[in-house]
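Just below is one structure, and these are the notes that go with it.
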Amino acid sequence: MLKRFSPMVILISLLLFSCDRDFSILSLTTSNDKREFRPMEKEVLSASSRFGIGLFKEISKTETGKNVFMSPFSVSAALGMTLNGARNKTEADMRSVLGFEDMEQEEINQAYQNLSEWLVEADPKVNFDAAQSIWYRLPGFSVEAPFIEANRIYFDALVRGLDFMNPAAKDTINGWIE
């Protein structure tokens with residue numbers, strides 16, 4: 001849980017992935033994994049898709065005539081990570097935008113974890129790597145242990161403080177990405 005949530009906070013959520021196969025047709029089951037998605041996983045996927053369509057509509061308003069690519073699931077998951085620290089109006093607004101109004105946080109986190117694991121293991125012919133991190137501003141901003149733990153457990157994410165005024169900050173983040 002974040003002790004405070006402020007627009008002044010620089011919060012970076014990185015969702016990085018690489019793959020070496022065309023995913024032009026992706027079904028909910030693969031030849032190696034015939035499991036059906038659980039109801040909460042389907043709900044998170046549906047909410048992520050609705051969120052992604054809305055996000056794409058907003059992006060297309062300002063990026064007219066440009067080719068734009070984004071992963072709605074990745075953006076949704078990044079916001080799902082930060083949702084673990086939101087409270088009060090911020091939490092309600094984030095839940096509304098993400099389509100998670102009626103879902104419990106534990107269910108949301110578990111669904112993201114299951115879906116992320118499924119993506120990594122969906123096809124043995126595909127090399128798919130994912131990495132998540134949240135970087136928050138030091139000094140002056142603190143993050144509570146439950147927020148760090150939720151993101152470590154469910155998103156396998158690193159949560160780390162960093163002095164963004166230090167010129168080496170970008171090298172620290174870039175080094176982590178590599």
Side-chain angles (χ1 to χ4, degrees), residues 1-7 9-21 23 26 33 37-38 40-52 54-56 59 68-87 90-91 93-95 97-100 103-123 126-138 141-164 168-178:
M1 289 177 224
L2 297 173
K3 283 192 175 177
R4 60 181 187 249
F5 196 87
S6 159
V9 174
I10 298 175
L11 178 66
I12 301 172
S13 297
L14 300 171
L15 290 171
L16 308 169
F17 67 92
S18 64
C19 68
D20 54 9
R21 183 161 179 210
F23 279 96
L26 181 63
D33 180 9
F37 281 113
R38 296 173 184 103
M40 189 53 61
E41 294 166 353
K42 289 179 183 178
E43 205 167 329
V44 166
L45 281 173
S46 293
S48 292
S49 295
R50 287 188 305 273
F51 168 76
L55 181 59
F56 237 143
I59 290 172
V68 177
F69 175 81
M70 66 161 189
S71 165
F73 181 76
S74 293
V75 176
S76 172
L79 293 172
M81 289 168 52
T82 58
L83 180 61
N84 282 296
R87 295 295 175 264
T90 301
E91 179 182 14
D93 289 348
M94 288 182 74
R95 284 176 171 278
V97 166
L98 291 168
F100 297 156
M103 298 181 209
E104 297 294 324
Q105 189 63 47
E106 174 80 17
E107 293 174 317
I108 295 166
N109 286 338
Q110 188 64 61
Y112 275 123
Q113 181 183 39
N114 294 347
L115 291 166
S116 295
E117 288 171 358
W118 180 85
L119 280 170
V120 170
E121 299 169 359
D123 188 336
V126 175
N127 179 21
F128 184 93
D129 297 309
Q132 288 76 237
S133 65
I134 297 173
W135 302 83
Y136 61 91
R137 184 188 59 198
L138 286 179
F141 191 79
S142 61
V143 177
E144 294 181 8
F147 176 82
I148 295 170
E149 281 303 297
N151 282 290
R152 184 186 63 77
I153 292 168
Y154 295 108
F155 294 89
D156 194 26
L158 168 77
V159 179
R160 180 178 293 168
L162 188 63
D163 179 1
F164 292 109
K170 67 178 176 57
D171 297 328
T172 300
I173 294 172
N174 287 334
W176 179 85
I177 292 168
E178 286 180 27

Legend entry - T172 side chain to A168 backbone, donor-acceptor under 3.5 Å: yes

Inset, instruction - Go through the structure and list residues passing salt bridge (charged side-chain N to carboxylate O under 4.0 Å, His left out) with E117, not counting sequence neighbours. - result: none

Inset, instruction - Working to the nearest 0.5 Å, report the span between CE of M40 and CD of E106. - result: 11.0 Å

Inset, instruction - Measure from the side-chain N and O atoms of S116 to the backbone N and O of Q113, and report whether any donor-acceptor pair falls under 3.5 Å. - result: no

Inset, instruction - Kindly compute the distance separating OG (S48) from CG (L55), expressed to the nearest 0.5 Å. - result: 11.5 Å

Legend entry - Test item: D93 and T90 side chains (from C-beta on) under 4.5 Å apart, heavy atoms: no

Legend entry - Any E43 side-chain heavy atom under 4.5 Å of F100 side chain: no

Inset, instruction - Using a 4.5 Å cut-off on heavy atoms from C-beta on, say whether the side chain of N84 contacts that of Y154. - result: no

Inset, instruction - Identify, with sequence neighbours excluded, every residue that meets ring-ring contact (aromatic ring centres under 6.0 Å, His included) alongside F155. - result: Y112

Inset, instruction - Identify the heavy atoms of M70 and G52 that sit nearest to each other, and give their distance. - result: CE-O, 3.2 Å

Inset, instruction - Give, for atom CG of N109 and atom CG of L83, the distance between the pair rounded to the nearest 0.5 Å. - result: 7.5 Å

Legend entry - From L45 atom CG to L115 atom CG, the distance as rounded to the nearest 0.5 Å: 4.5 Å

Legend entry - Shortest non-hydrogen separation from L98 to G80 and the atoms involved: CD1-N, 4.3 Å

Inset, instruction - Taking the side chain as every heavy atom from C-beta outward, state whether I173 and F164 have any pair of such atoms under 4.5 Å apart. - result: yes

Inset, instruction - List in chain and number order the residues that pass side-chain contact (heavy atoms from CB on, under 4.5 Å) with L138, two or more places apart in sequence or in another chain; answer none if no residue qualifies. - result: Y136

Legend entry - Set of side-chain contact (heavy atoms from CB on, under 4.5 Å) partners for I153, sequence neighbours left out: E149

Inset, instruction - Check whether any side-chain heavy atom of Q132 lies under 4.5 Å from a side-chain heavy atom of N151, and answer yes or no. - result: no

Inset, instruction - Quick one: list whatever passes side-chain contact (heavy atoms from CB on, under 4.5 Å) with S46, sequence neighbours left out. - result: R50

Legend entry - Check: R152 and V159 side chains under 4.5 Å, non-hydrogen atoms: no

Legend entry - Flag for E178-N174: side-chain donor and acceptor within less than 3.5 Å: no

Legend entry - Residues, nucleotides or ligands: over 12 heavy atoms within 6.0 Å of D156 CG: no

Legend entry - Straight-line distance of F56 CZ to F69 CZ, nearest 0.5 Å: 8.0 Å

Legend entry - From CZ (F51) to CG (L79), nearest 0.5 Å: 5.0 Å

Legend entry - Any side-chain heavy-atom pair of R95 and I108 under 4.5 Å: yes

Inset, instruction - List for me each residue that meets salt bridge (charged side-chain N to carboxylate O under 4.0 Å, His left out) alongside E41, sequence neighbours excluded, and say none if there are none. - result: R35, R38

